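Values below: all heavy atoms of this structure, side chains included; hydrogens, waters and symmetry mates excluded. On a predicted model such as this, the values are computed, not experimentally measured, just so you know.
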Amino acid sequence: MNESPSVIHSTNLKALRVWLKVLLTGLALSSTVIAEPVKTTYSTVDLIAEQTTLPSGGGKVTVGLYLEPDPTWHAYWINPGDAGLPATIRWSLPEGFEAGELQFPSPHIIPFVDLITYGFDEPILLLNDIEVPAGLPPGEMVELQGQVRWVVCDDKLCVPESTVLSVSLPVGDGNNDVLQEERFAVARGKVPESVDWPAQFEYLNDKVTVTIQTPELESGLSDPYLFIVSRHLVRYGQQSVSFTPRSLVFSFDPGPRVNTASEFSAVLVFKDSSGADHAFWLDVQQGTGAAAASTAGISVAGSSSGHGFDEFSLGLALIFAFFGGVILNLMPCVFPILSMKALSLVKMAHTDRKITRQSGLLYTAGILVAFSLTGGILLALREAGQAVGWGFQMQNPAINLGLGLLMLAISLNLFGVFEVGTRITGVGQTLTEGGERKSAFFTGLLAVLVATPCTAPFMAGALGYALVQPAAVALAIFLVLGFGLAFPYLLLSFIPWLGRMLPRPGPWMMTFKNILAFPMLMTAVWLFWIIGKQLGVNAMAIALLAALCFAFALWAYGRVMQTGRPYTWGALGIVGLLATVLTGLSMEDFRLTTDSETHAGTLGQLELEPFTPERVTGYIDSGQPVFLYFTADWCVSCKVNERVALASDTVGSTFHENGIKVVAADWTNEDPVITDWLDRYGRVGVPLYLYFPQGSSLDAPVILPQILFPDIVVNAILNADRDVDRLTNGSVFIRSMLNRGKFNTQNQHIQSLT
């Protein structure tokens with residue numbers, strides 16, 4: 001049967017429209033720079049734009065961060081749960097552009113042993129809206145670039161990955177890309193729907209209860225689950241739920257930060273009667289019960305002694321912080337700086353007392369400023385989801401190189417190679433009032449900078465308490481810790497008779513000044529050794545070459561002052577500085593990759609095994625006694641404990657006789673998994689020593705003190721079974737602390753021994 005001419009004409013017009021649409025799409029895509037997906041070691045990532053062009057009149061474009069973990073691997077949600085880190089993107093956008101927050105789909109529960117994590121084992125597209133300014137020239141190409149970081153894990157390994165992704169779009173009409181419409185529509189459908197359902201939480205009787213008033217729900221609702229967006233507000237294990245047609249009530253065990261929250265966001269998921277998934281984003285406000293508990297002074301989660309915080313009051317935390325700061329002066333990190341200030345104090349002891357007091361106050365001010373900055377940065381990074389702790393900057397090889405060069409400069413200054421550096425170190429400079437002010441303040445800054453690799457007794461409890469408190473309380477604890485560090489020098493500055501006990505200035509001071517250069521050189525050697533442990537021996541050699549160039553630059557600067565020929569020696573000094581910078585920047589290029597599954601080595605008689613969560617939990621579940629310790633090559637306290645106690649024959653024999661496995665968790669480089677385990681036991685830094693005797697659980701270790709001697713370790717091991725039985729049969733209050741991994745009376749007993 002023949003078709004009529006009108007039907008044929010209509011068919012041709014439809015075909016023509018389709019071909020025109022395809023042609024226009026192809027023209028748009030031809031002007032868009034499309035990058036290939038990036039394959040990392042365990043993931044595939046890409047940056048995709050929903051639009052083919054940017055709107056010239058201003059508006060919004062949406063880009064998607066595509067993340068596909070390899071088979072058997074998974075990535076993490078905004079709140080990863082007990083371990084992990086979410087994907088983040090730090091944009092480098094042209095002026096006037098502004099990016100919003102990444103939009104995540106609702107996650108899955110990914111359990112592992114007794115840990116609960118939230119994440120994705122399937123490919124995901126994380127949406128990100130970007131505001132585009134008006135007035136862009138039509139046709140101009142604009143690059144949208146970002147640094148992407150994420151963590152992926154399988155059953156054996158967790159790996160942080162990162163790369164730089166970009167997409168370039170021309171300025172035009174801002175139309176959608178027809179080839180990407182369905183992909184973005186599917187991604188939007190997986191993002192939880194934002195609702196304004198009334199929701200409140202209360203913390204009473206050691207439980208966090210969240211009540212959500214919902215529209216009338218059908219009777220076939222099943223599998224409800226509430227994902228809390230903020231970290232550490234609740235425990236991620238069991239959550240119980242009861243519901244009526246118009247409300248859902250969830251109950252959780254409290255987390256260490258629940259008392260810091262007045263509101264938080266959550267994602268409610270459930271299935272309807274047909275089995276379809278639903279996800280809703282809602283805001284949860286503090287209810288009257290929680291407010292009343294807070295007003296009554298009921299604490300939220302914890303214990304004492306730094307392993308939990310129910311009985312660890314603010315006053316006790318401040319006392320611990322002060323004494324921890326005082327003891328920090330005796331740590332190997334700070335002692336060289338304190339010796340330099342002592343030499344400065346000798347010079348001032350028999351001069352104007354006003355200058356001496358000002359020096360003490362400004363030295364204290366420098367320390368307090370440095371602790372405020374360090375504490376503020378640490379709190380901000382942890383709130384942003386970064387896995388960092390005390391001494392986190394030492395995990396960066398570039399910072400260690402900078403500190404090593406600084407120690408080298410100070411030592412050359414003390415040897416008299418050049419003189420201008422004395423304004424920083426506070427040694428050897430003419431004791432004018434203005435000069436001493438500057439030197440005292442900057443020496444205080446330097447003291448904190450070199451103190452961070454050390455953790456003194458009392459510090460762990462104070463810092464652990466601080467980082468689960470509101471920012472104002474946490475910063476107050478950091479300031480008291482700094483005041484404790486400054487206190488001995490401040491005392492010498494303000495008590496005249498103490499100052500008179502110091503020897504009088506004389507020629508001996510020049511010799512002593514030169515002697516002080518050697519501890520500084522030892523510190524520099526230690527820092528370069530850390531770089532070698534982090535990046536390998538080749539990178540350490542490059543760092544030492546940078547140090548050689550820097551020493552040449554400083555020597556040339558000294559020649560400028562000695563010869564009065566600034567042009568010749570000054571030019572050579574600039575060449576030395578440029579060589580230092582270029583050499584230092586190339587250090588990372590010589591990084592050696594290591595296999596994390598290799599054997600951790602030996603320590604005295606101890607056979608060390610590398611840390612993995614499954615190794616530790618496997619030993620505990622099988623009844624195998626295990627000693628787990630957290631260390632770092634930049635942690636001086638850790639290395640002293642290893643040599644003095646753990647490497648001793650007494651400890652080695654005790655471990656062998658009792659069949660104890662030893663697992664070493666090395667935090668030298670950034671490791672989110674280790675950071676989460678430190679958080680689990682209320683610590684923000686190393687060292688941490690845990691012993692799990694036969695029959696114990698992951699949440700009830702024997703926690704040893706931060707300063708070890710062989711007898712302390714041996715006594716802890718031999719008495720562990722008796723103490724675990726005593727703790728297990730103790731009061732309900734103590735058992736609740738153990739279940740949260742935050743309290744251990746054995747540790748209090750051992751702490752009293754030191």
Inset, instruction - Could you tell me whether the side chains of Gln694 and Tyr619 share a donor-acceptor contact shorter than 3.5 Å? - result: no
Legend entry - Contacts of Trp677 that satisfy ring pair (Phe, Tyr, Trp, His ring centres under 6.0 Å) - sequence neighbours left out: Phe611
Inset, instruction - Quick one: pull up CD1 in Ile110 and CG in Asp82 and give me the separation to the nearest 0.5 Å. - result: 12.5 Å
Legend entry - NZ/NE/NH1/NH2 to OD/OE distance under 4.0 Å, Glu161 and Arg149: no
Legend entry - Which residues share a ring pair (Phe, Tyr, Trp, His ring centres under 6.0 Å) with Phe692, sequence neighbours left out: none
Legend entry - Ile542: side chain to side chain contact (heavy atoms under 4.5 Å, CB included) partners, not counting sequence neighbours: Thr583, Ser586, Met587, Phe590
Inset, instruction - Can you sort out the partners of Asp121 under side-chain hydrogen bond (donor to acceptor under 3.5 Å, both in side chains), two or more places apart, ordered by chain and number? - result: none
Legend entry - With sequence neighbours excluded, residues passing salt bridge (Lys or Arg N to Asp or Glu O under 4.0 Å) with Asp70: Lys39
Inset, instruction - Taking ring pair (Phe, Tyr, Trp, His ring centres under 6.0 Å) as the test, write out the residues that go with Phe252, two or more places apart. - result: none
Legend entry - Spatial distance of atom CD1 (Ile717) from atom CD1 (Ile660) [nearest 0.5 Å]: 4.0 Å
Inset, instruction - Only counting residues at least two apart or in another chain, list the ones meeting side chain to side chain contact (heavy atoms under 4.5 Å, CB included) with Gln605. - result: Asp649, Ser653, His656
Legend entry - From CH2 (Trp667) to SG (Cys638), nearest 0.5 Å: 10.0 Å
For residues 624-631, run the donor-acceptor check on the side chains, cut-off 3.5 Å, and write out each pair with its distance to 0.1 Å, sequence neighbours left out.
from	atom 1	to	atom 2	distance (Å)
Gln624	NE2	Gly659	O	2.5
Thr631	OG1	Glu642	OE2	2.8

Legend entry - Set of ring pair (Phe, Tyr, Trp, His ring centres under 6.0 Å) partners for Tyr236, sequence neighbours left out: Tyr118
Legend entry - Under the side chain to side chain contact (heavy atoms under 4.5 Å, CB included) test, residues paired with Ala476 that sit two or more places apart: none
Inset, instruction - Identify which one of Thr602, Leu603, Val663 satisfies the side chain to side chain contact (heavy atoms under 4.5 Å, CB included) criterion when paired with Leu608. - result: Leu603
Inset, instruction - Quick one: list whatever passes side-chain hydrogen bond (donor to acceptor under 3.5 Å, both in side chains) with Tyr42, sequence neighbours left out. - result: none
Inset, instruction - With sequence neighbours excluded, tell me which residues meet side chain to side chain contact (heavy atoms under 4.5 Å, CB included) with Leu490. - result: Leu361, Thr364, Phe483, Phe494
